[in-house]
Amino acid sequence: MRVFLTGGTGAVGRYALPALLEAGHRVTAVARSDGKAARLSAAGATPVKVSIFDRAALAGAVAGHDAIVNLATHVPPLARAGRRSAWAEHDRIRREASAALAGAAEDAGVGRVVQEAITFTYADHGDAWIDEDAPFDVPDPFATAVAAEEAVARFRAAGGTGVVLRFASFYGPGSDQTEAMLRWARRHVGFLLGRPGGYISSIHLADAGAAAAAALAVPAGTYNVADDEPVTKRELAAAAGEAVGARPWVHVPGPLTPLVVRGQPSAALLARSHRVANRRFREAAGWAPRYPSVREGLRAAVAS
């Protein structure tokens with residue numbers, strides 16, 4: 001396939017690009033600077049400079065491609081993530097760029113669009129497994145997560161093959177959150193946001209990249225992309241400690257979680273209990289995570 005990739009130098013994209021190339025696809029990747037263009041070219045992609053907000057320009061750029069894989073994001077660093085203003089560019093990408101890309105695909109006759117999405121928008125389900133039909137509970141500041149999915153739904157209604165990948169919590173080398181969690185773990189501090197027995201579903205960045213490539217062969221639809229074994233919040237803290245050889249002595253914010261999440265929508269989403277099922281995608285794509293649980297993945301992240 002000829003694949004048009006956005007976000008090719010981002011957290012997931014830098015794993016998705018080699019996965020696409022290894023599968024034999026020819027990849028055109030959006031570059032927003034000369035430096036990123038050079039990195040994409042060195043990795044084996046053909047870089048192109050085009051605004052992901054300009055539907056008309058995008059239609060010209062994607063013409064002749066078989067699929068668009070949209071992994072563009074602008075997630076702020078952990079130190080700024082608590083400020084709503086820090087998410088403005090990310091929200092614009094979700095709302096405007098996703099719509100422009102899906103519209104350009106329709107205009108240019110591109111048959112398939114793969115859109116990155118998230119599982120955090122599911123309601124808290126306690127111990128119950130969450131499949132793709134589970135209801136959403138989305139605070140207003142995160143409505144753009146739904147807007148990106150709606151853009152793909154419109155593309156699908158127009159006759160295209162639209163695929164939405166709802167990714168669980170990312171972790172792995174280069175992840176700001178992972179590096180912070182491991183720094184705390186080395187000091188015997190376990191990060192525990194939400195109920196200790198509440199679940200968190202994760203996905204290693206390498207497995208997410210492989211899933212983006214595998215999505216080129218699945219039927220239209222929405223799919224959860226998560227590892228096989230969600231863990232409880234307390235188990236996650238223990239896994240981080242085990243990975244660095246330092247058992248947690250204290251947990252933060254722990255019982256102070258209600259105070260931390262008050263007025264912080266992003267923290268409130270992370271405090272939910274999410275036991276996400278990946279069966280639909282595994283069966284449709286023939287995909288399986290290299291790291292079945294965050295325990296193996298964190299050990300590999302530390303080793304790397």
Side-chain angles (χ1 to χ4, degrees), residues 1-17 19-21 23 25-32 36 40 45-75 89-119 121 142 144-158 160-167 170 203 205 208-218 220-225 281 285:
M1 281 188 181
R2 286 195 66 195
V3 178
F4 188 88
L5 174 66
T6 69
T9 59
V12 179
R14 57 196 171 89
Y15 291 95
L17 176 54
L20 288 165
L21 294 170
H25 302 297
R26 291 175 294 159
V27 180
T28 302
V30 175
R32 290 188 286 180
K36 290 185 176 181
L40 291 167
T46 300
V48 61
K49 290 186 178 179
V50 62
S51 170
I52 58 175
F53 303 103
D54 187 333
R55 175 170 172 167
L58 283 168
V62 303
H65 289 78
D66 302 295
I68 294 173
V69 177
N70 181 21
L71 302 176
T73 61
H74 195 274
V75 177
E89 183 67 9
H90 181 76
D91 288 347
R92 186 184 177 214
I93 290 171
R94 285 280 196 236
R95 182 179 59 253
E96 299 178 23
S98 298
L101 283 158
E106 184 180 345
D107 297 342
V110 177
R112 177 178 293 260
V113 171
V114 177
Q115 170 67 50
E116 176 182 357
I118 55 176
T119 61
T121 45
F142 293 91
T144 53
V146 178
E149 294 198 19
E150 290 173 342
V152 177
R154 292 191 295 271
F155 174 73
R156 196 181 300 145
T161 302
V163 176
V164 172
L165 299 180
R166 291 178 182 159
F167 288 108
F170 292 129
I203 187 70
L205 289 167
L216 294 177
V218 302
T222 299
Y223 301 90
N224 291 333
V225 181
F281 189 66

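For clarity, every value in this text was computed on a predicted model and none was experimentally measured.
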With no hydrogens and no angle check, is any side-chain donor or acceptor of Thr161 less than 3.5 Å from a backbone partner on Ala220? no
Are side-chain heavy atoms of Thr28 and Val3 found at a separation under 4.5 Å? no
Where Val152 and Gln115 come nearest, the two heavy atoms and their spacing: CG2-CB, 3.3 Å
Could I get the full list of ring pair (Phe, Tyr, Trp, His ring centres under 6.0 Å) partners for His25, not counting sequence neighbours? none
Work out which heavy atom in Ala19 is nearest to a heavy atom in Gly209; give both atom names and the distance. CB-O, 3.9 Å
Identify, with sequence neighbours excluded, every residue that meets ring pair (Phe, Tyr, Trp, His ring centres under 6.0 Å) alongside Phe281. Tyr223, Trp287
Tightest non-hydrogen contact, residues Leu40 and Ala31, listed as CD1-CB, 3.8 Å
Can you sort out the partners of Phe167 under ring pair (Phe, Tyr, Trp, His ring centres under 6.0 Å), two or more places apart, ordered by chain and number? Phe170
Would you please name every residue forming a salt bridge (Lys or Arg N to Asp or Glu O under 4.0 Å) with Asp107, sequence neighbours left out? Arg55
Testing the basics here: between Leu165 and Ala215, what is the closest heavy-atom pair and its distance to 0.1 Å? CD1-CB, 3.9 Å
Answer whether the closest heavy-atom distance between the side chains of Ile68 and Val114 falls below 4.5 Å. no
Taking Asn70 for the side chain and Ala72 for the main chain, is one N or O donor matched with an acceptor at less than 3.5 Å? yes
Side-chain heavy atoms of Arg112 within contact of Leu216, under 4.5 Å: yes
Indicate yes or no for a side-chain donor-acceptor contact from Asp66 to the backbone of Arg2 under 3.5 Å, with no hydrogens or angles considered. yes
So do the side chains of Val27 and Thr46 get within less than 4.5 Å of each other, counting heavy atoms only? no
All salt bridge (Lys or Arg N to Asp or Glu O under 4.0 Å) counterparts of Glu106, not counting sequence neighbours: none
Side-chain H-bond candidate by donor/acceptor type, Glu116 with Thr73, under 3.5 Å: no
Set of side chain to side chain contact (heavy atoms under 4.5 Å, CB included) partners for Glu149, sequence neighbours left out: Ala117, Phe136, Val164, Arg166
Would you mind reporting whether Ile93 and Phe53 have side-chain heavy atoms less than 4.5 Å apart? yes
Please test Thr6 against Val69 for side-chain contact (heavy atoms from CB on, under 4.5 Å), starting from the C-alpha separation and ending with a verdict. CA-CA 6 Å; Thr6 69; Val69 177; over 6 Å; no
So which heavy atom on Val30 is nearest to which on Val50, and how close? CG1-O, 3.8 Å
Search all heavy atoms of Gly221 against all heavy atoms of Arg156 and return the closest pair with its distance. O-NH2, 3.8 Å
Would you say that Leu101 contacts Phe4 through its side chain, given a criterion of any heavy-atom pair below 4.5 Å between the two side chains? yes
